[in-house]
S.K.: 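One structure coming up, written as structure tokens, with questions to follow.
Note on naming: letters A, B, ... go to the chains in the order of the sequence lines (proteins, then strands), and numbering restarts at 1 for each one. Just so it is clear, the values below take in all heavy atoms, side chains as well, and ignore hydrogens, waters and symmetry mates.
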2 protein chains.
Amino acid sequence: MYLNSGHSVTLKDVATRAGVSHQTVARVVNNAGKVAAETRVKVEKAIAELNYVPNRLAQQLAGKKILSIGFASIDISLHTISAIMAGIKDQAQQHGYSLAVSVMDGTDHQSCVRAVNELVEQRVDGIIINSLATHMSTEEFKQLNLSIPCVFLDADPNLNASQINHDQSQGAYLAAKHLLDLGHRDIAIINGPDQIRVCELRLHGWRQALTEANIEPTMVLNGAWDAQSGYDCASRLLSQGNSLSAILVGNDQMSLGVLRAISDRGLQVPHDISVVGFDNQDDCAFYHPPLTTITQDSGELGRQSVRLLLNQISEPSLDQHQKLANSIVVRGSTKALGEENGNKQLIESLMRQLNLALQR
Amino acid sequence: MYLNSGHSVTLKDVATRAGVSHQTVARVVNNAGKVAAETRVKVEKAIAELNYVPNRLAQQLAGKKILSIGFASIDISLHTISAIMAGIKDQAQQHGYSLAVSVMDGTDHQSCVRAVNELVEQRVDGIIINSLATHMSTEEFKQLNLSIPCVFLDADPNLNASQINHDQSQGAYLAAKHLLDLGHRDIAIINGPDQIRVCELRLHGWRQALTEANIEPTMVLNGAWDAQSGYDCASRLLSQGNSLSAILVGNDQMSLGVLRAISDRGLQVPHDISVVGFDNQDDCAFYHPPLTTITQDSGELGRQSVRLLLNQISEPSLDQHQKLANSIVVRGSTKALGEENGNKQLIESLMRQLNLALQR
DNA sequence: CAAGCGGGACCTCTCTTGAAG
DNA sequence: ACTTCAAGAGAGGTCCCGCTT
């Protein structure tokens, strides 16, 4: 069933079949140098017959310049990360680079090293690193001993290397400010897991806004990024009888769970409680109600990181730090405290529904 | 900043530094053969000092058996596909294979060939192909001229090659059957884009169930997989004053839009209209209401495909077809037609909410 | 001195063979 | 007859240089 069982067809195989030298075949394949039309046809025929595909390993080893970059990351099935990767892929391709991906099995420093090494083994021209290794210090970074250019995503800002990230703090600040501007004062926080850099930065932004307004968050909880944990945290919050009017949530998935928990208690968002998410992921405009959230363009982050890396490749001594600003998308999950207009609408809507139900 | 600017550190560099032959260094690196403890230390020191990482290209070219498989796919930022990929990655690793990924830029046959070729150039041991190339015929497949083992995901069942897929038809049948069992007869369908194999198969399954019950779908629309298009289709459906009691939807994302559209019209799911989705994606248990849907284990599909490929690699002549069955997950978005129990609950819930609102 | 082709060194490893201690 | 190492031949390409007409 398969031709060439064992080893693959080589340049030389094609050459002997076409009755020319291996060099002539190379000229045809690479479209370089002068080849007689007649010879070219012969060679192309042989290539087709043998189904020859050049061996990239050999090409690269022999010194042909093949541009490639690597992406070392944690779990790429996470939505945000696969969006970043799509951006990287896109921009790399645009610049004629191919992309090699290596995923880390764990969040520890060791598996980060493993993934990066896998890329170095392939001799990529540069690496984009998306590690979760909490607080990788400059020291640990040096242990990586990178001899090729690299760019970090969401790294410790103090890390002495090229890096790019969304400005988590600023985004969180925006979210909190929005609630404050609407008059909310009893605000709870449902953050992601502790010890994660992104979470700490977001918490910092939220706190800053609240402190400026001279208030303390009612409560700070930690979820696990998923809807279920958002549901659990919110349920806990509500069952404790806190008087809260708004919740800041660490991502949209947890927000979905939060919305449900509130609704399960017979309360209404935003009339009883306002909710602000984080990420602006695909579907959150269709949540019930549509979610007010912070928007992060993950694809753009990926694209920018490639540009940064390419700079670094052509100018290795240059360390750049770049931050992407976030903005807030206001939808239906937040409203001004004490605004009665909404309540009137709510009552009307409820009566309409009740009417319908009674007719059945 | 970077050591060895230009070309990377080689085995020979390490050898000269350590004052031994390149072969001795190889012994240390590969942990094979006998090396005197003293020599080993010397070599290891040199490796650390020079920061040597073996060149995988050269290793592979020189005949060292490095196991690797490839995954050629369309847009890997799609949720389902990244889940499949995670499964592939996992299972490949389990068997000591590394994974190379190549994504296609388009849905045409040409970009499929490109992506596959990229993998062949790297001399992977086998390829898993997830093309959307609508109805790739056996003829076109032969044009790929694959000289290495491969497995197709979601391919044309008539394709004469190893393949694996979820049984779309069966899953869709289940969904429709569920509605029929609940007494629904006026059923609309919102499918994915036309001409896509998966969509046709699902449509086939839905139709079959309906036909067996001697009824025709009220209406069949095509969305574009995303929530917005689900919203649009459902809006169209509702504004036309069709008397429908249930909607079958091609995926969960569109279902989310459908739920919104229904609620925006002041109607209630499931009391006025039942909705069944497809995919059982992460968050749909938290939709409003929780979605009844068909569950597909994408990770399992990925893992199985690797096993199939590995079989194929060790036994090239063997073509296998495999189908993964789906099951239905019943949640809150469906209810029996005419069942009044739910209505009573609904009325109670509405009155509670109204009460709350009036107190404000 | 063009255009068209071939020879051979080299890239970095692995693997085999064989010679020292 | 061990252990320990070195030398050399590929693996499949690319590139530089030279050779014919």
S.K.: So, are B:Glu118 and B:Arg114 salt-bridged, with charged N and O less than 4.0 Å apart?
M.R.: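 Judged by the 4.0 Å cut-off on N to carboxylate O distance, B:Glu118 and B:Arg114 do form a salt bridge.
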S.K.: From C:dG4, C:dC5, D:dA6, pick the nucleotide closest to the side chain of A:Lys34?
M.R.: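 Closest nucleotide to the A:Lys34 side chain: C:dG4.
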S.K.: Starting at the 5' end of DNA chain C, which residue's closest nucleotide do you reach first, A:Ala58 or A:Gly19?
M.R.: A:Gly19
S.K.: Would you kindly give the NZ-to-C1' distance between A:Lys65 and D:dG13, to the nearest whole Å?
M.R.: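 Taking atom C1' of D:dG13 as the reference, NZ of A:Lys65 is at 16 Å.
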S.K.: Hunt down the Watson-Crick or G-U wobble partner of D:dT3, both distances under 3.5 Å, from any strand shown, or write none.
M.R.: C:dA20
S.K.: Check whether any side-chain N or O of B:Thr24 sits under 4.0 Å from OP1 or OP2 of D:dT4, and answer yes or no.
M.R.: no
S.K.: If I take atom NZ in residue A:Lys64 and atom P in nucleotide D:dC16, what distance separates them, rounded to the nearest angstrom?
M.R.: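 Rounded to the whole Å, the gap is 14 Å.
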S.K.: Write down the distance between CG (A:Leu11) and P (D:dT14), rounded to a whole number of angstrom.
M.R.: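 Whole-Å distance recorded here is 7 Å.
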S.K.: Given B:Gln168, which partner from the list B:Arg197, B:Gln296, B:Lys323 fulfils the side chain to side chain donor-acceptor pair (under 3.5 Å) test?
M.R.: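 Testing each of B:Arg197, B:Gln296, B:Lys323 against B:Gln168, the sole residue satisfying side chain to side chain donor-acceptor pair (under 3.5 Å) is B:Gln296.
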S.K.: With nearest nucleotide decided by heavy atoms, which residue, B:Gly63 or B:Ala37, maps closer to the 5′ end of DNA chain D?
M.R.: B:Ala37
S.K.: Here's a test of your reading of the structure: between B:Ser21 and B:Arg123, which maps to the more 5' nucleotide of DNA chain D?
M.R.: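 It is B:Ser21, whose closest nucleotide lies nearer the 5' terminus.
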S.K.: Mind checking B:Arg27 for me? I need base, sugar-phosphate or nothing, with any heavy atom below 4.0 Å counting as a touch.
M.R.: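 Contact class for B:Arg27: base.
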S.K.: Given D:dG13, C:dG4, D:dA6, which nucleotide is nearest the side-chain atoms of A:Ala62?
M.R.: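 Among D:dG13, C:dG4, D:dA6, the one nearest the side chain of A:Ala62 is D:dG13.
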S.K.: Given side chains that start at C-beta, do those of B:Lys64 and B:Pro54 come closer than 4.5 Å, heavy atoms only?
M.R.: no
S.K.: Could you walk me through whether B:Glu300 and B:Arg307 pass the salt bridge (Lys or Arg N to Asp or Glu O under 4.0 Å) test, one step at a time?
M.R.: CA-CA 11 Å; B:Glu300 185 54 24; B:Arg307 286 181 216 125; 3.7 Å; yes
S.K.: Expressed as a whole number of angstroms, how long is the span from A:Asn31:CG to D:dC15:P?
M.R.: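 Computing the A:Asn31:CG to D:dC15:P distance gives 14 Å.
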S.K.: For B:Leu61 and for B:Gln23, locate the closest nucleotide of DNA chain C by heavy-atom distance; then report the residue assigned to the nucleotide nearer the 5' terminus.
M.R.: B:Leu61
S.K.: Are B:Tyr52 and C:dT12 close enough that a side-chain N or O sits under 4.0 Å from OP1 or OP2?
M.R.: no
S.K.: Quickly work out the A:Leu57 CG to C:dC13 P distance and round it to whole Å.
M.R.: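 Rounded to whole Å, this separation is 13 Å.
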S.K.: Check whether any side-chain heavy atom of A:His321 sits under 4.5 Å from a side-chain heavy atom of A:Pro157, and report yes or no.
M.R.: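 A:His321 does not reach A:Pro157 side chain to side chain.
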S.K.: Taking CZ from B:Arg40 and C1' from D:dT4, how many angstroms apart are they, rounded to a whole number?
M.R.: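 Nearest whole value for this atom pair: 12 Å.
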S.K.: Below 3.5 Å, does any donor atom in the side chain of A:Gln59 face an acceptor in the base of D:dG12, or the other way round?
M.R.: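 Side chain to base: no pair below 3.5 Å.
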S.K.: Using whole Å, report how far CD1 of A:Ile66 lies from C1' of C:dC11.
M.R.: 13 Å
S.K.: Roughly how many Å is it from NE2 in A:His22 to C1' in D:dC17, rounded to a whole number?
M.R.: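 Those two atoms, NE2 and C1', are 13 Å apart.
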S.K.: Verify the contact: side-chain N or O of A:Asn55 to OP1 or OP2 of D:dA11, cut-off strictly under 4.0 Å; return yes or no.
M.R.: no
